[in-house]
Amino acid sequence: MKYKNLFFDLDDTLWAFSQNAYDTFEEVYDKYRLGQYFDSFSHFYSLYQRRNTELWVEYGNGQVTKEELNRQRFLYPLQAVGIDNEMLAKRYSDDFFSIIPTKSRLMPYAEEVLSYLAPKYNLYILSNGFRELQSRKMRSSGIDTYFNKIILSEDLGVMKPWPEIFYFALSATQSELRESLMIGDSWEADITGANGIGMHQAYYNVSGRADFPFRPTYLVTDLKELMELL
């Protein structure tokens, strides 16, 4: 297959979201001395992650707004240990969003792979992340110059894996479906979503997943493998 257009997910596909978020939370946890409320940072972070995962599903289903998602996910860990302090939650939320887009850690070989692909293909970002953060993350990590366009769920009000956002991305970039490939680390959002409209997919299996409801077009465990495939 001769592709012309490569659509990349951003978080944990190119930009190391999980590690960058962990580091940012630890900074904010120390700044506000949250250790007085929690057994450990791991205790705090596990509470946050559990509710955050639930809230993103609710947000994707239109059950909560962006503002409510952000309010609840930062307040929940405090409430879970008996601290109902919205002001404190708002302060560390504001600091978190101020700090995280300045982080520059990328997934292994991300910049090397983008440097190899950029002269050969049209590169685009297709992400469920928030616009005020995603562009800054890309600039901080130095990968913004590789991409022709950034397509975000906020542009349409629909998140991956819904087919509307994939069709929107193709239309916004004037890309043909048969000449396009989706590359991402989320099986549900990136791979199932792309497959649902007949777009080829490259699954970046960072989680070590072993069971697959269907066979993706490509399966890689290292971004560098894309240089052999493309």
Co-membership, hydrophobic cluster, residues [X] and [Y], 4.5 Å side-chain:
X	Y	result
M138	L152	yes
L219	L6	no
V57	L69	no
W15	I183	yes

Compare all side-chain heavy atoms of [X] with those of [Y] and state whether any distance is below 4.5 angstrom.
X	Y	answer
Y59	M159	yes
I125	Q134	no
L226	Y204	no
E68	R71	yes
S115	V113	no
Y203	D190	no
L230	Y121	yes

For residues 100-112, run the donor-acceptor check on the side chains, cut-off 3.5 Å, and write out each pair with its distance to 0.1 Å, sequence neighbours left out.
| from | atom 1 | to | atom 2 | distance (Å) |
| --- | --- | --- | --- | --- |
| T102 | OG1 | I99 | O | 2.5 |
| K103 | NZ | E27 | OE2 | 2.4 |

Side-chain donor/acceptor of S153 to backbone N/O of N128, under 3.5 Å |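 At least one qualifying donor-acceptor pair exists.
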Whether T24 side chain and N20 backbone form a donor-acceptor pair below 3.5 Å =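 Yes; judged by distance alone, with no hydrogens or angles, the pair exists.
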State whether F147 and K149 meet the cation-pi test: NZ (Lys) or CZ (Arg) under 6.0 Å from the six-membered ring centroid, and within 45° of the perpendicular axis.
-> no
For the pair [X] and [Y], find out whether any cationic side-chain nitrogen is under 4.0 Å from an anionic carboxylate oxygen.
X	Y	value
K66	E154	yes
D155	R131	yes
E54	R73	no
E58	R51	yes
D95	R91	no

Nearest 0.5 Å, please: how far is [atom2] in [Y] from [atom1] in [X]?
X	Y	atom1	atom2	value
N52	L47	CG	CG	12.0 Å
N5	R178	CG	CZ	10.5 Å
Y3	L117	OH	CG	13.0 Å
I143	K137	CD1	NZ	10.0 Å
E228	Y116	CD	OH	9.0 Å
T65	Q72	OG1	CD	9.0 Å

Which pair of heavy atoms, one from K224 and one from D222, lies closest together, and at what distance?
->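 Here K224 and D222 meet closest at N-OD1, 2.8 Å.
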Exercise: identify the closest heavy-atom pair between T192 and E188 = CB-O, 3.3 Å
Y92 and F74 aromatic ring geometry - parallel, tilted or perpendicular at 30°/60° bounds =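 Taking Y92 first and then F74, their aromatic rings stand perpendicular (interplane angle over 60°).
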Relative to each other, are the rings of F212 and W187 parallel, tilted or perpendicular (30° and 60° limits)?
-> tilted
Show me the side-chain donor-acceptor pairs of residues 34-42 shorter than 3.5 Å, one per line, residues at least two apart or across chains.
| from | atom 1 | to | atom 2 | distance (Å) |
| --- | --- | --- | --- | --- |
| Q36 | NE2 | R33 | O | 2.9 |
| S40 | OG | S42 | N | 3.4 |
| S40 | OG | H43 | N | 3.1 |

Would you please test S127 and D9 for side chain to side chain donor-acceptor pair (under 3.5 Å) and show each step?
-> CA-CA 5 Å; S127 167; D9 173 58; 4.7 Å; no
Exercise: do N205 and T221 side chains pair donor with acceptor under 3.5 Å = no
Members sharing M199's hydrophobic cluster (side chains within less than 4.5 Å) =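 F7, Y124, L126, I151, L156, V158, W162, I165, F166, Y167, F168, L170, L177, M182, I197, listed by chain and number.
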Could you go through residues 75-84 and list every donor-acceptor pair under 3.5 Å that involves a side-chain atom there, pairing it with any protein atom two or more places apart or in another chain?
| from | atom 1 | to | atom 2 | distance (Å) |
| --- | --- | --- | --- | --- |
| Y76 | OH | R50 | NH2 | 2.8 |
| Q79 | NE2 | D84 | OD1 | 3.1 |

Apply the ring-ring contact (aromatic ring centres under 6.0 Å, His included) test between F25 and each candidate in Y32, F17, Y45; give the one that qualifies.
-> Y45
Please name all residues satisfying salt bridge (charged side-chain N to carboxylate O under 4.0 Å, His left out) with D30, sequence neighbours left out, ordered by chain then number.
->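 Partners of D30 under the salt bridge (charged side-chain N to carboxylate O under 4.0 Å, His left out) test: none.
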More than 12 non-hydrogen atoms from neighbouring residues, nucleotides or ligands closer than 6.0 Å to CD on Q174, yes or no?
->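 Open: at most 12 neighbouring heavy atoms sit under 6.0 Å from CD of Q174.
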Option among L14, D185, L114 that satisfies the side-chain contact (heavy atoms from CB on, under 4.5 Å) test with L223 =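 One option only clears the test, and that one is L14.
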Those residues that, when tested against S18, pass side-chain contact (heavy atoms from CB on, under 4.5 Å) (two or more places apart) = D12
